[in-house]
Each structure stands twice: as C-alpha cells, then as structure tokens.
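Structure, as structure tokens:
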Amino acid sequence: MIPVTRFLRVMPMVVLVTTLLSCSDSGTEPPPPEPDPEPASVVIIAPVDTLTSIGERRQLSAEVLDIDGTVLVDQAVSWSVVNPQVLRVSASGEIVSLGNGSTVVIARNGTIADSVALTVHQRAARVTLAAPTDTVFALGVRSRWSVALADSLGRPLPDGFTPTEWSSSAPGVATVDSDGLVTPVGNGAVQVSASADGAVRTVTLVVQSEAPVEIDLALAESLQWALEDSASAYELIGVSAAVVVPGQGVWSGVYGRSRPDAVMRPSLSFGFASITKTVVGAVVMDLVEDGILSLTDQVSDWLAPLPNISDNATVGQLLQHLTGFDDFAQHPQIWTQAQADLNRWWLPEEVITSFVDDPPAFAPGAAFSYSNTNYPVLGMIIEQATGATLAAEMRSRLWTPMGLNSFYLGGETPIGSMATGWSDVNGNGQLVDITQFIGTSTHSMRWAAGGIIANAADMARWGAGIYGSNVVLDAGTIDQMVQFVSSNAGLVWTGSGLGVLQYQLAGQETWGHAGAVRGFSSLMVYSPSTGISVAVGVNQDDGSHPLTHFRITTALLTLATAGL
C-alpha cells in the first residue's frame, strides 16, 4: 500500500506522462533526415603542367563535387597514370618524374573521373656533337651531323624532344642547315655549332679539297653517307673507299681516323694484301701475250726443285689455285719468325722451305684449293723469265701505262704516306698500332702473295683498267682470265680465274679479290655488266670486324649501280 504522501508526490509525473502519450497518438510524425549528396564530378588540382627535372616530386590533389558544385569532404579518389615510364603517382596523389615525355594522370571516384596532362621536360645541360669527320676532302658533298642531348647528370634526353639549333661560323667554307647537313663549299676552317636549351657544342671542321668531285654530286653524297653509315655501324677506326663510275670519273671517300691524332685521308695508302694476286696474274698474262711465258709451262721449266712443290704444276694451275700446295701463310710460326728479325729480307725460296711443311693435297689440276704458296712460285718464275725484279715488271708493264702512281710493292721505297693499321696482336681484345710490328721481314714474306700497297682511288682505277679496258691486255686475254672454276666457297665467292676471283655482290657478278693481312682488310671488285669498280680499305683486320669490307663494298656498288 503506497503511503498518501508518496502518492501525492508521484501523481503529477503520471499525469505528465499520460498527457505526452495522448499527444503522441493524436499528432503528426517528424520529417525524415536529408539524403547524402551524390558525387557528380572530380576536379584535379595540379600545381604545374611541366616538370623540369628527373626525380622531381609534386603533390596533386582532387576534389569531389556534388551537382551544385559543393565539395564533398568525405569522398576519396584513386590515382593512376597512363605512361608509368614518365611519372609515378602514389595513392595520395604525389607524383615523381621518372623520364622525359608526356603522360596523363587520372583521379577517379567510382564512375566519375578527371584527368590532367603532364610533361617531363628536363632541360639539356650537355650537347654531344657527332660529326662523321673533322676534315673533309670533297667540295659540295654533304655529311650528316647529329647531336645527343643529356641532362645535368648525364642522362640522355629523347631524340627530337628539345629543338636543336645549328650554325656555321664561316658559311664560305661550309654551311649547315636546320637538320645538321653540312656542305663544304671552300677550303679553310669553320666552326660548326649545335645548341639546345642554352647548352652548346662546337666542332672545328677543316675543308681540304684534294681533288674536284668528278661524279654527280647527288651520287657522291649518297656514297659518302653509305660509307659513314656502314663504318659507324661497325664501329670501325677508319675506312678509305673509291668508286669508278663509267662516263663520270672517280669518287673517293673516307671515314674516321688513321690514328688518334690523324684523320683518314684519301691519299693514304693501305696494305691491299691478296689483291696483289690480281697484279701478279696480269703480269703473267702480259708475258704470255709477249710469248715469254705459256700457261702450260711447268714449274720445272723455270725453277730448281723446291720442297713440297710439284715440279709438274703449270703456270695456269698456279694462277687458278689448282695445285693443292700447303699454304705458307697459315703456318703457326710465320708471325713469330717475322717478328724475330724485322730487318731480315726473306727470299721466296726461304719462305717456301721454312713454312710449306706438307706435300700437295692432290695432284695438279685435280681440284681447287686456295693457297698463298702459288704466288711466290709465280713471282720467282716471272723474275727468272724476265731477268728483272717482280716490282720492276709490275711497274713497267702495268702501273706506269695505267697511270697508277701510288702503287708499290712492299720493300720498295715507299710512295706517299700509309694509313696506320690496327690489330689485336696480343689476343686480348685490344687493337694496337701495328707499325712497330711491320718491317722488311713482313714485306718480303708477303711479296707476290700479298705485298701491294696503294691508295683506294688507284686501286679502284686498277680494277676498272685491267678488266674494263685494253690498255695493257687484249680483250681475248681478259676473257681467258675470267674463265672461272668453282671455288666451292659459298654464295658470295663463287669462282677462281687466272689471278682473279669471282664474287656475287649487289645482285651481280663481279671480278676482283679480297685482302686480309695484319692491320688491314680490303676488297676490290669490278662489275662487267656496269663497268663500275669499287675499292675499300679498312685499317683494321678481320679479327675484330669480320667481312666489313664486303658489306661496305656491297653498299657502295648498290648505290653506284642505281645511279647509272
């Protein structure tokens, strides 16, 4: 039982609760809460549109807006980049530049997004000017120069990303256009400059025209570019090349250097090695025309017996490598013996006695087998038949009538200057100047098999003159020389004639010879179908860059043929 006093105290509260409940039952409900605004757009805020250094960091931000443009503070975005090679973007919107170029950064909220284009363009801090040569020898024949740009840390900038400006300090000596094409127009010195973003590189070009350009300038330019492109692609030290074009004249071109302190020059001579065999063959055939020798003459008709040399081998078989003789040039001790005494003059009999160890591989005429030994035997026969030195016969019968003033046989008094040859003589992969290794011994060992020295222009004239004219040999004699037997050597070297080899180059038959000796590799070919003759001399041997003389010759022959 509730006391009266407590009842009186509780009663007002009961009345209040009862009144509230009655009001709730009879009145309207309160309105529902407002719905959250829907995202309608994303807006990226970027402080810059171009970053000027690699590794630069910038903070991007993005706002999510409703349809009224009100910022929705509780909405997040995800970040992505189209080209991650240019920029990296973090989950918070921080970007880091990684490489030069352009890209797009995207901020996304659900199905809505915004994007911003950004560029990384680091300024060039260093310009490297790639000039094919710092001396040119032909007026009007352009050369292609190029630049490489790098940033302050030496990192390369993309080609074409930063415009390059070219200038010439002496347009009367050489001009340069906006693409870096340099045209020599007069003898003298000129500074050619390339600049980008304020960085400048300048190279001094010396124009020393040794002879006028005899052929079409456009063809001369194409030949020079082909020479530069090939030689630079193979990373050659230096090249001298020449092309005789019928009805026009001779193009001469050079690339690179003879030695670090001397550029390659067209007048420099090369060791043309086994191309010597074409000269020996021509002397023999001239003696045949004179009735002094016959192709059927045997070794025993002219020479005393020699060890491992077949007495019954004929002059024709010697010329065509049909004797089976052991090759003296392949003897493992020949280089060592040559170096033992550079001042020694080796007689051809001594070379054969010392370095022809094995008997013939087959009877004369039974098969083809290339052997350098055939040619010192021929050289001795020439000297025995004429009573004169081999060099004297070469000069009087061939070089003087043909006007080849740079030709000489190693061991004679040098004519003009010779290019420096380079070879890996130590077998350690390092090319060294071979001048210190060349002397009387090496010249005399090569002799009739590979001793000719000349410049490239005269060597190209030799090919055109001996096979394409009748200045020294009759047409019937030339026809006889180019009756080839199969060399079984492959698709390029296909046959052997009388002192001349057959090659298939640039889609055509050619006649000539290749040369390879310490420090030099070379090729001379004549195309009977076009009358074009090409000679290429490289001042390093095949050990480091095999067959580059064939590749360069093919490129030049292809262009010259197309230019007819």
Side-chain angles (χ1 to χ4, degrees), residues 231 234-240 256-260 262 264 268-280 327-346 348 350-352 354-356 370-373 375-376 379 407-412 414 416-456 459 513-524 535-550 552:
Y234 302 130
E235 299 180 339
L236 299 178
I237 296 173
V239 182
S240 183
R257 311 190 77 79
S258 170
R259 58 179 191 272
M264 187 62 70
L268 292 177
S269 295
F270 281 68
F272 278 102
S274 285
I275 301 176
T276 302
K277 295 178 176 69
T278 65
V279 182
V280 173
D327 190 344
F328 80 89
Q330 302 303 314
H331 194 282
Q333 292 299 313
I334 191 166
W335 178 254
T336 302
Q337 290 297 311
Q339 297 306 300
D341 183 1
L342 286 175
N343 295 317
R344 175 181 174 179
W345 180 268
W346 287 72
E350 294 175 321
V351 172
I352 291 172
S354 300
F355 304 114
V356 179
Y370 185 92
S371 174
N372 285 282
T373 304
Y375 278 74
F407 270 72
Y408 67 97
L409 189 61
E412 291 188 291
S417 298
M418 189 171 179
T420 300
W422 298 82
S423 180
D424 179 14
V425 297
N426 299 314
N428 59 3
Q430 300 297 314
L431 298 178
V432 299
D433 180 346
I434 66 161
T435 304
Q436 60 185 312
F437 301 105
I438 304 301
T440 300
S441 62
T442 51
H443 289 308
S444 58
M445 285 179 171
R446 295 167 183 170
W447 195 52
I452 290 294
I453 298 170
N455 64 41
M459 184 56 73
H513 217 291
V517 71
R518 290 273 186 172
F520 297 96
S521 54
S522 55
L523 182 63
M524 179 278 296
V536 171
V538 180
N539 66 334
Q540 62 197 82
D541 52 48
D542 258 8
S544 59
H545 292 77
L547 301 181
T548 52
H549 46 305
F550 276 91
I552 294 172

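Bear in mind the structure is a predicted one, so any value in this text is a computation, not a measurement.
- Taking every heavy atom of both residues into account, Gly271 and Val517 meet most closely at O-CG1, 4.3 Å.
- Under the 3.5 Å distance criterion, the side-chain polar atoms of Asn372 are left unmatched by any main-chain donor or acceptor of Asp327.
- In this structure, the side chains of Val536 and Val239 come closer than 4.5 Å at one or more pairs of heavy atoms.
- For the pair Asp542/Ser521, a side-chain contact is recorded, criterion being any heavy-atom separation below 4.5 Å from C-beta on.
- Using a 4.5 Å cut-off on side-chain heavy atoms (C-beta onward), Trp345 and Ser441 make no contact.
- Contact annotation: the side chain of Gln337 never approaches that of Ile334 to less than 4.5 Å [non-hydrogen atoms, C-beta and beyond].
- Closest of all the heavy-atom pairs between Ile438 and Leu342 is C-CD2, 4.3 Å.
- Looking at Thr420, its side chain never comes within 3.5 Å of a backbone N or O of Arg259 through a donor-acceptor pair.
- A donor-acceptor pair under 3.5 Å is absent between the side-chain atoms of Gln540 and the main chain of Phe520, judged by distance alone.
- In this structure, CD1 in Ile237 is found 5.0 Å from CG in Leu431, a value given to the nearest 0.5 Å.
- To the nearest 0.5 angstrom, Met524 atom CE is 6.0 Å from Ile275 atom CD1.
- Using a distance-only test at 3.5 Å, with no hydrogens or angles considered, no donor-acceptor pair links the side chain of Ser522 to the main chain of Gly537.
- The shortest side-chain heavy-atom distance between Ser274 and Tyr375 does not fall under the 4.5 Å cut-off.
- Side-chain atoms of Thr276 come within 3.5 Å of backbone N or O of Gly451 as a donor-acceptor pair.
- In this structure, Arg257 CZ and Met264 CE are separated by 10.0 Å, a value rounded to the nearest 0.5 Å.
- Nearest approach of Ala448 to Gly379, heavy atoms of both residues: CB-CA, 4.2 Å.
- If you take OG1 on Thr548 and OH on Tyr234, they are separated by 7.5 Å, rounding to the nearest 0.5 Å.
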Task: side chain to side chain contact (heavy atoms under 4.5 Å, CB included) between Met459 and Phe272, intermediate numbers included - done: CA-CA 9 Å; Met459 184 56 73; Phe272 278 102; 3.6 Å; yes
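- Contacts of Arg344 classified as side chain to side chain donor-acceptor pair (under 3.5 Å), with partners at least two apart in sequence or in another chain: none.
- Residues Trp447 and Trp346 are not in side-chain contact: their nearest non-hydrogen atoms beyond the backbone lie 4.5 Å or more apart.
- By the 30° and 60° cut-offs, the orientation of the rings of Phe355 relative to His331 is perpendicular.
- Counting heavy atoms from C-beta outward, Ile452 and Phe407 have side chains that approach closer than 4.5 Å.
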Could you give the side-chain donor-acceptor pairs of residues 421-428 under 3.5 Å, partners two or more places apart or in another chain?
unit_1: Trp422; atom_1: NE1; unit_2: Ser258; atom_2: O; d: 2.9
unit_1: Ser423; atom_1: OG; unit_2: Asp541; atom_2: OD2; d: 2.5
unit_1: Asp424; atom_1: OD1; unit_2: Gly427; atom_2: N; d: 2.9
unit_1: Asp424; atom_1: OD1; unit_2: Asn428; atom_2: N; d: 3.0
unit_1: Asp424; atom_1: OD1; unit_2: Gly429; atom_2: N; d: 3.3
unit_1: Asp424; atom_1: OD2; unit_2: Gly429; atom_2: N; d: 3.0
unit_1: Asn428; atom_1: OD1; unit_2: Gln430; atom_2: N; d: 3.0

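- With Ser354 contributing its side chain and Glu350 its backbone, the two residues share a donor-acceptor pair below 3.5 Å.
- Side chain of Glu412 to main chain of Leu409: a donor-acceptor pair is present (N/O by atom type, distance under 3.5 Å, no hydrogens or angles).
- Side-chain atoms of Asn539 and Phe270, non-hydrogen and from C-beta on, do get closer than 4.5 Å to each other.
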